[in-house]
Amino acid sequence: MNDIKLRMDELIDIINKASLEYYVNDNPSISDQEYDDFYSELLKLEEKYPELKRLDSPTHRVGGEALSSFSKVTHEKPMLSFDDIFNEDEVVLFDERIRKTCSNPSYTLEPKMDGLSGSLIYKQGILQRAATRGDGVIGEDITTNVKTIKSVPLMLNKPIDIEVRGEIFMSKKSFENCNKKREKNGEKLFANPRNAAAGSVRQLDSKITAKRNLDFMAYFIPNPEDYGIKTQKESIEFLSELGFMTNSKLNGLARTPNEIITYIEDLSAKRQSLPYEIDGVVLKVNNLSDEEKLGTTQRVPRWGIAYKFPALEVLTTLRNIKFTVGRTGKITPNALFDPVHVAGSVVSKATLHNEDYCLEKDVRVGDVVSIRKAGDVIPEVVEVKKERRKGDELPFKMIEVCPMCNTLLIKKDAMHFCPNDNCDSRKIEGLIHFASRDTMNIDGLGERIVEDFYNLGFIKAIPDLYKLENHKEDLIELEGFGEKSINNLLDSIENSKKNSLEKILFALGIRHVGKKTAKILAKYYKNIGNIINASEEELSNINDIGAIIASSVKMYFSDLNNLKMIDELKKLGVNFDYISTIQDNKLDGNTYVLTGTLEKYKRDELTIMLENLGAKVTSSVTKKTTGVIVGDKPGSKYDKAIKLGIPIIKEEKIESLIR
Ligand code: IVH
């Protein structure tokens, strides 16, 4: 029996050390196979001799019996949180306030983890209890769940009694995986890693928590003096020694507001590339003697503060849902809400995509909604705060007729369409598309001007653009225009006549013919006549052109009105031939992906340069990618390239690639 106990102790030791190396130090020490073998040996012994199972056994990580509720626990010292500040002036004020009590203070600066705080209590180095913050005084016992978190040591490197506080969080990667699984199972997606972590920690069935891959970052010891610790920096070092994951490498130390602000700027620049979400910087006076002098108000500690980054996701009230008609007739519901600051700009509307999306989210006018910028650019409604409803919100109702021309809408899959080809909205949107940057690139002909010119009767259809010259005198007289701006506009319209075939093919707005397809067709057929004459079968035999595109192209060019318009455009001098821009085929067959911000090149320009040399530029990294061109703050494409062993091309190497 004694031998068995010794072997179990040995196995626990090996597995715990291996876990620490793997999950905390990011430096695996044994192979997965060896780990699994030790683990199953331990599991078997524990099954056979349950009386010998230790409290800190790593087999607790898989979760235990499901609970019926969480029991309440009282924190020995209240779990407070800091006041928030939002700008540099407030950093200066904070420092001034500290200096009134402390001479020559220094501050530790730490990433503000975006998860939920937790308290862990160890007795003689063994994890006894884990709790949520709750209201700060009373929290909930989440011990079984926390034991499943691999970066929480079940046994410390020292056999001491200690309380450790830190953040329970979900990494960006685990969040992605978690939502992918949920999508596959038809479950509601988590809006962000914080919600996912909170939802996972509050699972009564810890076996579910175990599958969610949570992490724990330790950042605070409520009784540091018990361990001879004199500064917050030493607290973090001590936590690392005990076997916790800490942010010791990212944390900083500052003495002046300027140093604090520089740290904030640096961390903010690193934010996207961190493996987890942070929402600001936590500032704490470093010397614990200063901390003691400053003390705590009724509500918050005076010795620290949380600087919050500008919000990426904010709450606002939905005031109206406005339906718009696209150039294909597609009806889009749009959320109009009280203007809010999100990720550096003010937004007041976001797409709600289609009826199904609205019904699934159950958006109602009057609802409090959270807004985020998808990919940091396009605003989207992430979540409806149903718990904040008052009862007078108006349920979503899809419209039945076109908001512009009153034609009865038709439904195709999840989408509604206005079938009227002469609908003013559709025509205006078609003209906007024709003039935009990726199509005919007519400078000075933005959305508002197209709309005004349409409503004033100057342009009703595409060919009218090329007859605008005839109205020059009237246009100059319009409010907000002058001779110079009209001349510039007419010049760019004239220039657009020279575009190569792929531009106008995309500009015509043929269904399913986007930028890429237009290019394939233009390269293959060289002029519009050949495309008009191509059979549907021939079209669908081209690489990358499927049956749906082929049928749509054929349909477009079978319509006499379209052929008449093309003829008219030709007479007005618009080019319909493919102008090869490939100057040299030196990159023929190569495929590149761009990621991050480049200093010297604009993405679009570099794409054209590479394409002109025969290369393809795509948006995702695969085994076939020749190289990934990497600028500042690269995204996940960079990680993928490293993983797949695809060559990385830094900005300074671009010159030699394209020269
Ligand atoms: S120290 C008295 N350090 O942000 C507060 N908190 O208001 C002691 N947080 O609710 C906490 N990262 O959940 C501390 N490095 C960090 C933190 C951090 C995130 C959270 C914590 C707290 C809030 C601060």
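Residue indices begin at 1 and follow the sequence shown. Every number for a ligand or one of its atoms is a count from 1 in the order of the listing. All values derive from a computational prediction rather than experimental measurement.
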Enquirer: Do me a favour and list the nearest non-hydrogen protein atom to atom 22 (C) of ligand 1 with residue, atom name and distance?
Expert: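 Looking at atom 22 (C) of ligand 1, the protein heavy atom closest to it is Ser81 CB, 3.9 Å.
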Enquirer: May I ask whether Gly304 places a heavy atom under 4.0 Å from ligand 1?
Expert: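 The answer is no, since Gly304 has no heavy atom less than 4.0 Å from ligand 1.
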Enquirer: Suppose I only count heavy atoms of Pro111 and a 4.0 Å limit; which atoms of ligand 1 are within that range?
Expert: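 So the atoms of ligand 1 that pass are 12 (N), 15 (N).
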Enquirer: Is it the case that the side chains of Tyr219 and Glu167 hold a donor-acceptor pair, with the cut-off being a distance below 3.5 Å and no angle test?
Expert: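 Their side chains do contain a donor-acceptor pair, which is all the 3.5 Å distance test asks for.
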Enquirer: So, Glu393 side chain and Lys390 main chain: donor-acceptor pair closer than 3.5 Å or not?
Expert: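 Flag set: sc Glu393 to bb Lys390 pair under 3.5 Å.
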Enquirer: Which atoms of ligand 1 have any heavy atom of Leu80 under 4.0 Å away?
Expert: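 Ligand 1 atoms under the 4.0 Å threshold to Leu80: 2 (C), 5 (C).
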Enquirer: List the residues meeting side chain to side chain contact (heavy atoms under 4.5 Å, CB included) with Leu189, not counting sequence neighbours, and say none if there are none.
Expert: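 Scan of Leu189 (side chain to side chain contact (heavy atoms under 4.5 Å, CB included), adjacent residues dropped) gives Asn179, Arg182, Glu183.
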Enquirer: Can you pull out the closest protein heavy atom to atom 12 (N) of ligand 1? Residue, atom name and distance to 0.1 Å, please.
Expert: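 Residue, atom and distance for the closest contact: Met113 N, 2.9 Å.
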Enquirer: For Asn287 and Ser289, does a side-chain donor sit closer than 3.5 Å to a side-chain acceptor?
Expert: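 No donor-acceptor contact under 3.5 Å links the two side chains.
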Enquirer: Counting heavy atoms only, name the option from Met217, Glu167, Lys284, Lys112 that's nearest to atom 3 (N) of ligand 1.
Expert: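 Of the listed residues, Lys284 has the closest heavy atom.
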Enquirer: Is the distance between the ring centroids of Tyr107 and Phe94 less than 6.0 Å?
Expert: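 Yes: the rings meet the under 6.0 Å criterion.
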Enquirer: Which ligand 1 atoms does Ser117 reach within 4.0 Å, using its non-hydrogen atoms?
Expert: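 Counting atoms of ligand 1 from 1, those under 4.0 Å from Ser117 are 13 (O).
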Enquirer: From atom 18 (C) of ligand 1, work out which of Tyr219, Phe220, Phe169, Phe82 has a heavy atom at the shortest distance.
Expert: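 Selected option, by shortest heavy-atom distance: Tyr219.
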Enquirer: Aromatic ring centroids of Trp303 and Phe82 under 6.0 Å?
Expert: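 Between Trp303 and Phe82, the centre distance is under 6.0 Å.
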Enquirer: Please name the residue in the list Leu214, Ile208, Ile168, Thr148 that meets the side chain to side chain contact (heavy atoms under 4.5 Å, CB included) test with Ser200.
Expert: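 With Ser200 as partner, Leu214, Ile208, Ile168, Thr148 yield a single side chain to side chain contact (heavy atoms under 4.5 Å, CB included), made by Leu214.
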Enquirer: Just to confirm my output: which protein heavy-atom neighbour is closest to atom 15 (N) of ligand 1, and how far is it?
Expert: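 Checked against all protein heavy atoms, atom 15 (N) of ligand 1 sits closest to Glu110 OE1, 2.9 Å.
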Enquirer: Mark up the atoms of ligand 1 that fall under 4.0 Å of a heavy atom belonging to Pro301, in ascending order.
Expert: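 Every atom of ligand 1 under 4.0 Å from some heavy atom of Pro301: 2 (C).
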